[in-house]
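One structure is given here, and the rest of the page talks about it.
As a basis for the values below, the full set of heavy atoms in this structure was taken, side chains included, without hydrogen atoms, waters or symmetry mates.
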Amino acid sequence: MNWELVLKQHLQELLRINTTNPPGGEIAAARYIAGVFDAAGIDYEVFEPAPGRGSIMARLKGDGAARPIMLVGHLDVVPAVASDWSHDPFGGEEAEGRIWGRGAIDMKKLVATWMTILLKLKAENATLKRDIIFAATADEEAGGIYGFKWICEHRPDWVDCEFALNEGGGNSVVLGGRTYVTLQTGEKASCRVQLTAKGAAGHASIPTPGNAVVKLAEAVKEIGNARLPVHATATVQAFIGAILADLGPSVLPRGTAIPSFEQIPAIVEGFVQNPFERAGILAMLSNTATPTILTAGQKLNVIPSQAIAEIDGRVLPGQSGDVLAEELKKLLPNDIELEVGPHLPATESSSDTFVADIIREVVPKHLPGSKVIPFLSPGATDARYLRPRGITVYGFDPMLPGELVNRAHGVDEHITLESLQFGLQVLDEVVRRVATHE
């Protein structure tokens, strides 16, 4: 059996199922996977907690010598405007040595990889020490309410496991000539922040001081340009420590032997050349706040009495919305109202486990000269529901250097066939070794 071809075909079929969230419609993808597993004799359950919002959980049984490992993926994708794309975002086309479509990276690629590994192990009648649980869920892109949150609350038997492999890591980053492959061991929590500016309403033909729109614009600019205080988390200290141990004097300012954590942003600015990678590393070092939605006024010739900005806040492990609020208030005048919404805590997992050791051993075999290092994801994943249950979760979706992972959520999302095959080879070995380890 050509398993690389099997993977490609399942990825293309999943990409052709439009699961844009909202509205979701993930049940169609869940039923497609169910049909594949039916044919292979793999046990599964499909859940539909709301019309069209479907998830599928499946299991390969081990001998019970060790607790299960879960292979995590989500079926929903963010919207795509077809007219902006050079290929149909829901066509699953193969062209130029790539597979194109919304979800090719985030994250139907990994769902198809997990499917292929399960099918391969089932076909080989592999002997396992622990169950392998497959999870392909709804609604991750909108908070997981109809996906993992529902499953954890209503079917906790399906999330009874010791380890989980998820999205959020596996990117290859070249720094100082050395290739680093990220192992996501922590992630930020999403935290909604709202700014409100108030002023006197009036006729727009007479400009007046205290215009709510102007006040809000000045506040938004201040937040958008700010760099918030750095905070040292376990994951980020390990990430920075690994790089400095390798690159040392080549990236440190002259005369600096052991930098303080407060010096790290300036060091990163100095030696990370790729703007996307530089921004990603800097986002690991602090809580962040990004203005995204502005609301003000209803009529062109009326000065509104109120203007509102919605801010996408991201909070580090060990921090809170209250800390973020205090950091932002220092940037704002007293007459700007600031409100922080409720949020789940940010989470981290220890990288000191045999699973992480296996990943560190396997990756250099397939990507010579590379090194696996812990990584903190600026975004949130379904790990938000798993780590609080005591499950060690690693984000690990390995791709080759040069893969444009910033196309996730962007225009012309695609994955190269080389990276697709590379990911299958690495993850097949990792899952096998974990599933046969006591």
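With hydrogens and angles left out, the side-chain atoms of E413 and W100 include no donor and acceptor closer than 3.5 Å. Side-chain N/O atoms of D76 and T19 include no donor and acceptor closer than 3.5 Å. Q184 and E167 are not linked by any side-chain donor-acceptor pair at a separation below 3.5 angstrom, with hydrogens and angles left out of the test. Between the side chains of E418 and Q421, no donor N or O sits under 3.5 Å from an acceptor N or O. In summary, the side chains of T20 and R102 do not present any donor paired with an acceptor at a separation below 3.5 Å, with no hydrogens or angles considered. There is a side-chain donor-acceptor pair under 3.5 Å between H366 and E429. When only modelled atom types and interatomic distance are considered, N21 and D139 share a side-chain donor-acceptor pair under 3.5 Å. A donor and an acceptor atom, one from each side chain of Y394 and T353, are located under 3.5 Å apart. Side-chain contact, D412 with S86: a donor N or O sits under 3.5 Å from an acceptor N or O.
With sequence neighbours excluded, the residues forming a side chain to side chain donor-acceptor pair (under 3.5 Å) with S349 are R387, listed by chain and number. Under the rule for a ring-ring contact (aromatic ring centres under 6.0 Å, His included), H231 has no partner lying at least two apart in sequence or in another chain. Evaluation of the ring-ring contact (aromatic ring centres under 6.0 Å, His included) rule for F354 yields F163, H437 as partners, not counting sequence neighbours. Residues passing the salt bridge (Lys or Arg N to Asp or Glu O under 4.0 Å) test with D106, sequence neighbours excluded: none. Considering only residues two or more places apart in sequence or on other chains, H409 meets the ring-ring contact (aromatic ring centres under 6.0 Å, His included) condition with none of them. R178 pairs by the side chain to side chain contact (heavy atoms under 4.5 Å, CB included) definition with Y180, D246, K371, not counting sequence neighbours. For F422, the ring-ring contact (aromatic ring centres under 6.0 Å, His included) criterion is met by no residue, not counting sequence neighbours. Under the side chain to side chain donor-acceptor pair (under 3.5 Å) criterion, T235 pairs with T185, E348, sequence neighbours left out. Residues satisfying the salt bridge (Lys or Arg N to Asp or Glu O under 4.0 Å) test with D88, not counting sequence neighbours, are none.
Side-chain contact between V340 and C191 is present, with heavy atoms from C-beta onward closer than 4.5 Å. Side-chain atoms of V236 and I240, non-hydrogen and from C-beta on, do get closer than 4.5 Å to each other. Using a 4.5 Å heavy-atom cutoff, the side chains of I151 and S55 are in contact. Residues I132 and W114 have side chains not in contact (no heavy-atom distance under 4.5 Å, counting atoms from C-beta outward). Side chains of V431 and L165 form a contact here, defined as non-hydrogen atoms less than 4.5 Å apart. Residues L71 and I133 have side chains not in contact (no heavy-atom distance under 4.5 Å, counting atoms from C-beta outward). With contacts defined as side-chain heavy-atom distances shorter than 4.5 Å, the pair E337/L195 does not qualify. Contact annotation: the side chain of P401 approaches that of L367 to within less than 4.5 Å [non-hydrogen atoms, C-beta and beyond].
Checked by atom type and distance alone, the side chain of T381 pairs as donor or acceptor with a backbone atom of A383 at under 3.5 Å. Of the possible polar contacts, one joining the R67 side chain to the C161 backbone as a donor-acceptor pair under 3.5 Å is found. Here the side chain of E48 pairs a donor or acceptor atom with the backbone of G52 at under 3.5 angstrom. Under the 3.5 Å distance criterion, the side-chain polar atoms of K188 are left unmatched by any main-chain donor or acceptor of L316. Remark: side-chain polar atoms of H414 are not paired, donor with acceptor, to backbone N or O of G101 under 3.5 angstrom. No donor-acceptor pair closer than 3.5 Å links the side chain of S419 to the backbone N or O of I415.
Taken to the nearest 0.5 Å, the CG atom of L128 stands 7.5 Å off from the OG1 atom of T436. For the atom pair CG (L7) and CD (Q425), the distance works out to 10.5 Å, reported to the nearest 0.5 Å. Rounding to the nearest 0.5 angstrom, the gap separating the CZ atom in R314 from the OG atom in S286 is 13.0 Å. Taking CG of L15 as the start and CD of E94 as the end, the distance is 12.0 Å to the nearest 0.5 Å. Here the CD atom belonging to E26 is positioned 10.0 Å from the CD atom belonging to E141, to the nearest 0.5 angstrom. A distance of 5.0 Å separates CZ in F271 from CD1 in I243, rounded to the nearest 0.5 Å.
Closest approach of G103 and V77 over heavy atoms only: CA-CG1, 3.9 Å. Contact record, I281 with L175: CD1-CD1, 4.4 Å, taken as the closest heavy-atom pair. Taking each heavy atom of V372 and I359 in turn, the nearest pair found is CG2-O, 3.9 Å. Across all non-hydrogen atoms, the minimal contact from R407 to V411 is NH1-O, 3.1 Å. In this structure, A189 and P345 approach most closely via the heavy-atom pair CB-C, 3.8 Å. The minimum heavy-atom distance between A136 and L75, with the atom names listed, is O-CD1, 3.6 Å.
Around CG of D352, the count of heavy atoms belonging to other residues, nucleotides or ligands within 6.0 Å does not exceed 12. The number of heavy atoms from other shown groups lying within 6.0 Å of NZ (K8) is above 12.
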Task: Verdict with supporting geometry, R432 and E124, salt bridge (Lys or Arg N to Asp or Glu O under 4.0 Å) - done: CA-CA 12 Å; R432 285 172 182 273; E124 295 170 359; 2.5 Å; yes

Task: Stepwise side-chain hydrogen bond (donor to acceptor under 3.5 Å, both in side chains) test for E403 and N171 - done: CA-CA 8 Å; E403 201 65 58; N171 303 335; over 6 Å; no

- [ ] In sequence, state the C-alpha distance, the side-chain angles, and the governing distance for I105 and L110, and then conclude on side-chain contact (heavy atoms from CB on, under 4.5 Å).
- [x] CA-CA 8 Å; I105 292 176; L110 189 55; over 6 Å; no

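Ion pairing between E187 and R384 fails under the 4.0 Å rule for side-chain N and carboxylate O. Salt-bridge annotation for D428 and K120: present, with a side-chain N of the basic residue lying under 4.0 Å from a carboxylate O of the acidic one. The existence of a salt bridge linking E326 and K330 is excluded, since no basic side-chain nitrogen approaches an acidic carboxylate oxygen closer than 4.0 Å. Under the 4.0 Å criterion applied to side-chain N and carboxylate O atoms, R98 and E93 are not assigned as salt-bridge partners.
Applying the side chain to side chain donor-acceptor pair (under 3.5 Å) test to pairs two or more places apart or on separate chains, those with a residue in residues 219-230 are R227-E269.
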Donor-acceptor pairs under 3.5 Å, side chain of residues 58-66 to any protein atom, not counting sequence neighbours: which ones?
residue	atom	partner	partner atom	Å
R59	NH1	D131	OD2	3.0
D63	OD1	A65	N	2.9

Side-chain donor-acceptor distances from residues 28-40 under 3.5 Å, at least two apart:
residue	atom	partner	partner atom	Å
Y32	OH	H10	ND1	2.7
D38	OD1	Y44	OH	3.2
D38	OD2	Y44	OH	2.8

